[in-house]
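Residues take their numbers from the sequence shown, with the count starting at 1. As a basis for the values below, the full set of heavy atoms in this structure was taken, side chains included, without hydrogen atoms, waters or symmetry mates.
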Amino acid sequence: MGKNKLKKFAEMQGFPCVFQYPFGRLAAEGFPMRGRWGADYFGNDNPIVLELGCGKGEYTVGLARRFPDRNFIGIDIKGARIYTGAREATESAMTNVAFLRTDIELIERFFAPGEVAEIWITFPDPQMKKVRKRLTGSAFLNRYRRVCPPGARVNLKTDSPFLYAFTGRLVSANGLTPAGDCPDLYGPSGDALPPYLREIQTFYEHQWLGRGKSIKYLSFLLPEADKAIADPDEDDIERDGYRSFPRGVAQGMHPAEED
């Protein structure tokens, strides 16, 4: 592990907005703020919004600045990435931001039923070969339903035509309520959407725009808990050819820039 990462990890220990809970401790004790994020950390009962796979936390921090009446929590397993957003939130003394370092598969251990009001998924790996790992697949949507109330909104921003098409088909095939659909956020079709969808850009979003890739936005509402959700047939959805290379290689970036 590089010295820069070690320095970041050490500094993050002093960030009050960062929560790092080892799995062994989580399994033995549980997470003490589960069901009590509002009372114990934020000190209010404002809606809680998650950014899953938050990376450097651009959306977590950007949304928190624009919506002070909501609480935002960025979740990622890579601490070196979380560091960027956590440092900004700490230096700006933001009180409606937190970061949680954990696997997304474990969100039910950190949040109680109905505790989460909204979910953002920004530029995830489309997992074209593994639907069970796809953040908009049925396995994850069922996890979200266990921490969100019916009607909670899920927002997806992606550069992946495959993931955009798959998610749109899933919404349609399962009769979910659509809440927004834009195949090219920075084209004319994006003009009618809220400006912050363009104003807040993630690290990857900036890179993909520089390569001429279109950015897609899709949102929908989670259904009642007893409604079955199934993954749609995807055999005829064209795969993203440019993803045959690692992101850093494809963009001509040095791998260290992704940390």
Report task. Mind running side-chain hydrogen bond (donor to acceptor under 3.5 Å, both in side chains) on S189 and D184 for me, showing each step along the way? Result -> CA-CA 6 Å; S189 59; D184 185 0; 5.7 Å; no
Requested in this report: Check the pair F72, N46 against side-chain contact (heavy atoms from CB on, under 4.5 Å), reporting the backbone distance first and the verdict last.
Outcome: CA-CA 10 Å; F72 295 87; N46 292 340; over 6 Å; no
Query raised in the report: Where do I215 and F123 land on the side-chain contact (heavy atoms from CB on, under 4.5 Å) test, with the steps shown first?
Result: CA-CA 9 Å; I215 305 302; F123 300 92; 3.7 Å; yes
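Side-chain contact between C54 and F99 is present, with heavy atoms from C-beta onward closer than 4.5 Å.
In this view, R87 and Y83 satisfy the side chain to side chain donor-acceptor pair (under 3.5 Å) rule, not counting sequence neighbours. By the salt bridge (charged side-chain N to carboxylate O under 4.0 Å, His left out) test, R70 pairs with E118, sequence neighbours left out. Applying the side chain to side chain donor-acceptor pair (under 3.5 Å) rule to R25 yields the partners Y21, E29; only residues at least two apart in sequence or on another chain are considered. Under the side-chain contact (heavy atoms from CB on, under 4.5 Å) criterion, E238 pairs with no residue, sequence neighbours left out.
Members clustered with Y164: L218, by chain and number, using a 4.5 Å side-chain heavy-atom cutoff among hydrophobic residues.
E58 and T202 share no side-chain donor-acceptor pair at under 3.5 Å. R134 and T167 share no donor-acceptor pair across their side chains, judged by distance under 3.5 Å alone. There is a side-chain donor-acceptor pair under 3.5 Å between N71 and N44.
A donor-acceptor pair under 3.5 Å is formed between the side chain of E115 and the backbone N or O of G35. For R81 (side chain) and K56 (main-chain N/O), no donor-acceptor pair under 3.5 Å exists by modelled atom type. Judged purely by atom type and a 3.5 angstrom limit, D159 has no side-chain atom pairing as donor or acceptor with the backbone of W208. A donor-acceptor contact shorter than 3.5 Å is absent between the side chain of Q127 and the backbone of K133. For the pair Q207 (side chain) and Y204 (backbone), a donor-acceptor distance under 3.5 Å is absent. At least one donor-acceptor pair under 3.5 Å links the side chain of R153 to the backbone N or O of A179. A donor-acceptor distance shorter than 3.5 angstrom exists from the side chain of Y186 to the backbone of R198, with no hydrogens or angles considered.
Taking a cutoff of 4.0 Å between a charged side-chain nitrogen and a carboxylate oxygen, E234 and R239 qualify as a salt bridge. Contact check on D236 versus R169 returns a salt bridge, with a Lys/Arg side-chain nitrogen under 4.0 Å from an Asp/Glu carboxylate oxygen. Taking a cutoff of 4.0 Å between a charged side-chain nitrogen and a carboxylate oxygen, E199 and R66 qualify as a salt bridge. Salt bridge E105/R132: absent, no basic N to carboxylate O contact under 4.0 Å.
Applying the salt bridge (Lys or Arg N to Asp or Glu O under 4.0 Å) rule to pairs touching residues 217-230 yields nothing, sequence neighbours excluded.
In this structure, D45 places its CG atom where only 12 or fewer heavy-atom neighbours from other residues, nucleotides or ligands lie under 6.0 Å away.
The aromatic ring centroids of F19 and Y41 lie less than 6.0 Å from each other.
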